[in-house]
Amino acid sequence: MSTRQSQGTTLFTALLALIGISVVVQLWLLAATVDALLRHEAGTPLYAAIASGGLFVINGLLVLYVFGFDKKIKQR
Amino acid sequence: MPDDHATPCLNCKKRNARWREDFPVEWENDEYITRREMVKFLALGSLTIAGANFILAGIPHVLQSGPLPKTKIGTASSVAAGSSQLFRYPTNDDPCILIRQTSGELVAYSQVCTHLSCAVIHDQKENTLFCPCHHGYFTVAEGRPYAGPPTRPLPRIRLEQEGDEIFAVGVEV
Ligand code: FES
């Protein structure tokens with residue numbers, strides 16, 4: 001395995017862990033939203049949804065970055 | 001016959017068929033999930049969760065109807081000082097409690113505890129609103145939590161009195 005390839009593998013694993021953690025945070029936000037809805041609270045769900053959307057955008061960018069990196073390695 | 005001849009024979013074509021990649025005969029390969037697939041799955045999961053969160057956040061805004069109805073909940077003379085009476089407002093699924101304080105003032109709150117939604121009860125002796133589930137305590141005068149796990153006050157029911165009749169006219173969260 002070339003240095004660049006092993007670098008790619010490490011990067012992929014790290015980003016996979018990062019995305020996994022933010023998905024867990026999103027699940028927690030979803031649980032908080034349901035909890036707030038059952039308490040008839042309208043403010044918290046909105047903030048939770050915005051935060052969840054933000055995390056999705058970050059996740060999406062990370063995935064795009066990692067696949068771009070992957071493509072670059074394969075082209076070499 | 002080797003695979004590397006110029007025009008692949010029928011055997012080679014069969015061996016390299018596309019469906020074999022997707023449905024491998026070896027079970028180990030079938031259960032093998034690559035990191036790439038996992039990342040894609042997580043990204044899709046992330047999108048689904050964010051979408052669900054936005055839909056849930058929109059529910060209260062969609063369901064928000066106009067002003068709450070004015071509903072008769074009882075008569076002033078039937079609630080003695082220091083005692084309480086249960087009623088439902090604004091819908092039949094929303095239990096509430098009406099209390100006449102020792103000062104004579106009437107107050108009403110949602111009976112749903114702000115901790116984990118148990119029903120709060122009026123403790124006449126201690127002059128407090130008590131939640132038996134996890135021993136949460138709220139003041140009678142303001143519905144403010146002062147002991148136990150609840151951190152938010154009880155939603156207050158706005159009252160109006162016309163003669164002897166008491167009406168609930170709104171909810172202050
Ligand atoms: S539900 Fe009332 S204190 Fe927990």
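A quick note: this is a predicted structure, and the numbers were derived from the prediction, not measured. Side-chain atoms are counted along with the backbone in the values below, which use heavy atoms only and exclude waters and symmetry mates.
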Between CG on residue B:L56 and CD1 on residue B:I49, distance to nearest 0.5 Å = 12.0 Å
task = Give, for atom CG of A:L18 and atom CG of A:L11, the distance between the pair rounded to the nearest 0.5 Å.
result = 10.5 Å
ask   = Sulfur to sulfur, is the gap between B:C118 and B:C113 shorter than 2.5 Å?
value = no
inquiry  = Working to the nearest 0.5 angstrom, can you tell me the gap between A:I19 CD1 and B:F41 CZ?
reply    = 13.0 Å
ask   = At a heavy-atom separation under 4.5 Å, does A:L16 approach chain B through its side chain, its backbone, both, or neither?
value = both
Using a plain distance cut of 3.5 Å, could you tabulate donor-acceptor pairs between chain B and chain A?
| unit_1 | atom_1 | unit_2 | atom_2 | d |
| --- | --- | --- | --- | --- |
| B:R35 | NH1 | A:T13 | OG1 | 2.7 |
| B:R36 | NE | A:D70 | OD2 | 2.6 |
| B:R36 | NH2 | A:D70 | OD1 | 3.0 |
| B:R36 | NH2 | A:D70 | OD2 | 3.1 |
| B:S46 | O | A:Q26 | NE2 | 3.3 |
| B:S46 | OG | A:Q26 | OE1 | 2.8 |
| B:S46 | OG | A:Q26 | NE2 | 3.4 |
| B:S46 | OG | A:N59 | ND2 | 2.9 |
| B:N53 | OD1 | A:T33 | OG1 | 2.6 |

Side-chain donor/acceptor of B:T75 to backbone N/O of B:E165, under 3.5 Å = no
query = Which bit of A:L27 is near chain B, if near means a heavy-atom gap under 4.5 Å: side chain, backbone, both or neither?
reply = both
ask   = Relative to each other, are the rings of B:F130 and B:H135 parallel, tilted or perpendicular (30° and 60° limits)?
value = perpendicular
task = Look only at the side chain of B:E162 and the backbone of B:D164, and say whether a donor-acceptor pair between them is shorter than 3.5 Å.
result = no
